[in-house]
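This is a predicted model, so every value here is computed, not measured. So you know, we letter chains A, B, ... as the sequences are listed, proteins then strands, and number each from 1.
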2 protein chains.
Amino acid sequence: MPGTSNNRGSSRRAGYWDVRQRGFDGRVSVEEAIEWVDSHTPCLRIEEIPVEQSAGRVLQTAWQAPAEAPTNDCVSADGYAIRSEETVGAGNYNPLLFSIQEGITPLLPASVARVAAGDALPPGADAVLPFEAVQANQGTLEVSSAIVPGAGIARKGEQVRAGNELLPASQPLRPQDLGLAASFGLTALPVVRQPRVRLVIAGAKPCAFSRPGDANGPMLRALIARDGGVMETLCSGRSDRQAIAHAITGASADVILVAGRTGTGADDEAPLALAAAGEVAIHGIALRPGGTVGMGTAGSTPVFLLPGDPLACLCAYDLFAGRMIRRLGGRRPGLPYVAREFELVRKLVSTIGVVELCRVRLAQGKAEPLGSAEAGGLASAVRADGFVVVPAASEGYPPGARVEVYLYRELQT
Amino acid sequence: MPGTSNNRGSSRRAGYWDVRQRGFDGRVSVEEAIEWVDSHTPCLRIEEIPVEQSAGRVLQTAWQAPAEAPTNDCVSADGYAIRSEETVGAGNYNPLLFSIQEGITPLLPASVARVAAGDALPPGADAVLPFEAVQANQGTLEVSSAIVPGAGIARKGEQVRAGNELLPASQPLRPQDLGLAASFGLTALPVVRQPRVRLVIAGAKPCAFSRPGDANGPMLRALIARDGGVMETLCSGRSDRQAIAHAITGASADVILVAGRTGTGADDEAPLALAAAGEVAIHGIALRPGGTVGMGTAGSTPVFLLPGDPLACLCAYDLFAGRMIRRLGGRRPGLPYVAREFELVRKLVSTIGVVELCRVRLAQGKAEPLGSAEAGGLASAVRADGFVVVPAASEGYPPGARVEVYLYRELQT
């Protein structure tokens, strides 16, 4: 019965329900699982790091400008500082002459002073004529058009007022954010510490025709990095209950991911290992692909059990484990892909009672489903341009329906 | 005169035209400058790197699947392998009984065999019943609904056929791409070498009210990394002609960026330094902000002269220097931001004859210009959600016009 939470309940009271060779006793809804993730995310401390190393890192609180910019009226163009009122009436048939004074302060009547961008504005001047706009001739400047006051200058506080919110919280710092912080003379920024992740690869099964190599190790490592985490340890080939339990015990990581051995096969011992080393909160979610995902805690450390099938592993990571890593690092928790609306070229079929992630390909501005939610393996997530999240209550969509597609090649930062 | 290329011509024949205190003799169009970038991008060699380190790296040629996946018919669900034809007629009021055989091969009549995802399909079986769909009782299985042939199994080559294009060229490798490569047993991938960039900060001018710190160093470092480059050397505070010329001579980098000292002020000596150390191909482009950008070569190494004003530096980097870094690394050369169409809430004014990059903010699904192309300083690129590229031929757009906005927080990968 989708939406119920028998396993969660039973694991808390009477030990973990062993699904091996009998199947799941119920499935937790995606919403409940997300609630568990959100309520079990620890809080990481803040650390000060040099501005030039803080790209992609996240401020926990918004950053207010410590001063105004510019701090005083200044010149924003290379040229001649001038009193704009003295140019009134200048024209091609009425060029006005100014003398070019040496030194920039104070500006004498009918005079101009050579200035460069970033200079203080000479007292008296209220505009700057760029060099190419005028003719200079032996200490004399010919001005043949009027200039508006304020041209070529930047007023105190014009770009930034002290106290303005400049950098928001929860968003990875971009190149221009670093530049702005540095321009205010900051050398370090207080950012959320990067979540440390222990990755346990529970090992391929003996007979794995479709997987000569382990897909999940390299894939999860890259996903963790994408979401701002740091892989602290990689434990490979832990296949039996004891070895997995050992790998998730006493870790100094902020979160532990175990990949593989979460299903209903005889050797799917990851949930039993978690039950032995800590507590299984959820095992089995009304989700496709990725429904064998589990989560719980070992000591106070959150542990995610990700399916061994690489496509299911990707989907379960994105929705749950990645969500916690993004939250831990202070980022927005939602899927990190840009979502855009597209029209379906053909029917998209989905099972009621289960959230399905269906991969689609874009062609001629429309979205074409690549098959059912569980079809195609990891290759379908490589070929696809993105995926549609079909809610549990939906049976799918008819051709022509407009659906939100999460795009694998467009990332929110 | 926008669109002309006097500087380029004169620099080739009769030495560099010194713009200091007299202004530019003409401006090269953005299109011509992009043409120069594209025709002066060297080709980097390919290197083999471990799959798990290749996230974000780029294949020069598309990757064809070396084998089929699965390599043989196999099981894709944990449960009981069965002959689907033997389940025809099964129902709640007509449960059919099967004996659970030990060992999986071959499948006897009216029998099922326990299998797990990844197992070879037992000969004779053509479907797998998941454990939760059936009742097992002491060696006997009760089946109360028919199963369709193919359920719970994956046929040889169903996910990937040998020779299929799996990973495209010119696109940074994603987590799932690494996973798929690893699943085929690959341990290394042939990727384009990362471009090595020398960054020369030409130093703040003596009187810089608006810039107590150097914005360009941290910003460019992060931009280079975003575009797949590696900062090889950072030379700071090279302010005069000789020091800049020295810093751009004999570099082992693939491309050199000089930030600052490109304008028409008396101490704007970066172009003269490039003219001394190599050749100035272009100085001055019909662009705002960023019109003082220059480019050329020192020996065979491309050199970009980026404006010292941080906003102008960002814009000139994104359009030209970043383009070369992206091309060098095998990526798509265009702006790396996702572009989306929005309606303007108010008029966007632009100067004819000049390409203008105008920052906008999004509110209620519409785009609001943040001021003129050169206003607001770097803070405007921090506050903005993106920018509009107004072509040289356009005077801007009326309220209600639909414009393409390049989004600072959404990156194409």
* Structure fact -> Correct closest heavy-atom pair for B:Val160 and A:Ala379 would be CG2-CB, 3.3 Å
Is it the backbone or the side chain of [X] that comes under 4.5 Å from a heavy atom of chain B, or both, or neither?
X        : answer
A:Leu314 : side chain
A:Tyr317 : neither
A:Val382 : both
A:Ala384 : backbone
A:Ser380 : neither
A:Ala136 : neither

* Inspect the contact between A:Arg409 and B:Asp177 and indicate whether a charged nitrogen and a carboxylate oxygen are less than 4.0 angstrom apart. => yes
* Lys/Arg-Asp/Glu bridge criterion (N-O < 4.0 Å) met for A:Asp78, B:Arg261 -> no
* Looking at B:Ala77, B:Ala154, B:Gly377, which one has more heavy-atom pairs under 4.5 Å with chain A than the rest? -> B:Gly377
* Structure fact -> Looking only at B:Leu407, B:Val338, B:Val75, most heavy-atom pairs under 4.5 Å shared with chain A are made by B:Val338
Could you have a look at [options] and say which one has the most heavy-atom pairs with chain B under 4.5 angstrom?
options                               : answer
A:Ala225, A:Ala215, A:Ala222          : A:Ala215
A:Glu68, A:Glu374, A:Arg221, A:Arg226 : A:Arg221
A:Val134, A:Leu178, A:Leu378          : A:Leu378
A:Gln176, A:Glu52, A:Lys156, A:Gln53  : A:Gln176
A:Gly79, A:Ala375, A:Pro172           : A:Pro172

* To do: Assess whether side-chain contact (heavy atoms from CB on, under 4.5 Å) is satisfied between A:Arg383 and B:Asn164, documenting all intermediate values.
  => CA-CA 10 Å; A:Arg383 271 194 289 255; B:Asn164 272 178; 3.8 Å; yes
* To do: Report yes if the side chains of A:Leu411 and B:Gln412 come closer than 4.5 Å at any heavy-atom pair, otherwise no.
  => no
* Could you tell me whether the side chain of A:Arg340 reaches within less than 4.5 Å of the side chain of B:Arg340, counting heavy atoms only? => yes
For the [atom1] atom of [X] and the [atom2] atom of [Y], what is their distance to the nearest 0.5 Å?
X        : Y        : atom1 : atom2 : answer
A:Tyr408 : B:Gln171 : OH    : CD    : 14.5 Å
B:Gln21  : A:Ile100 : CD    : CD1   : 9.0 Å
A:Ser183 : B:Asp309 : OG    : CG    : 10.5 Å

* Do other residues, nucleotides or ligands put more than 12 heavy atoms under 6.0 Å from B:Arg332 CZ? -> yes
* Is it true that atom CD of B:Gln135 has more than 12 heavy atoms of other residues, nucleotides or ligands lying nearer than 6.0 Å? -> no
* A:Arg22 vs B:Glu132, side-chain contact (heavy atoms from CB on, under 4.5 Å): CA-CA, chis, key distance, verdict -> CA-CA 6 Å; A:Arg22 46 181 187 166; B:Glu132 49 261 74; over 6 Å; no
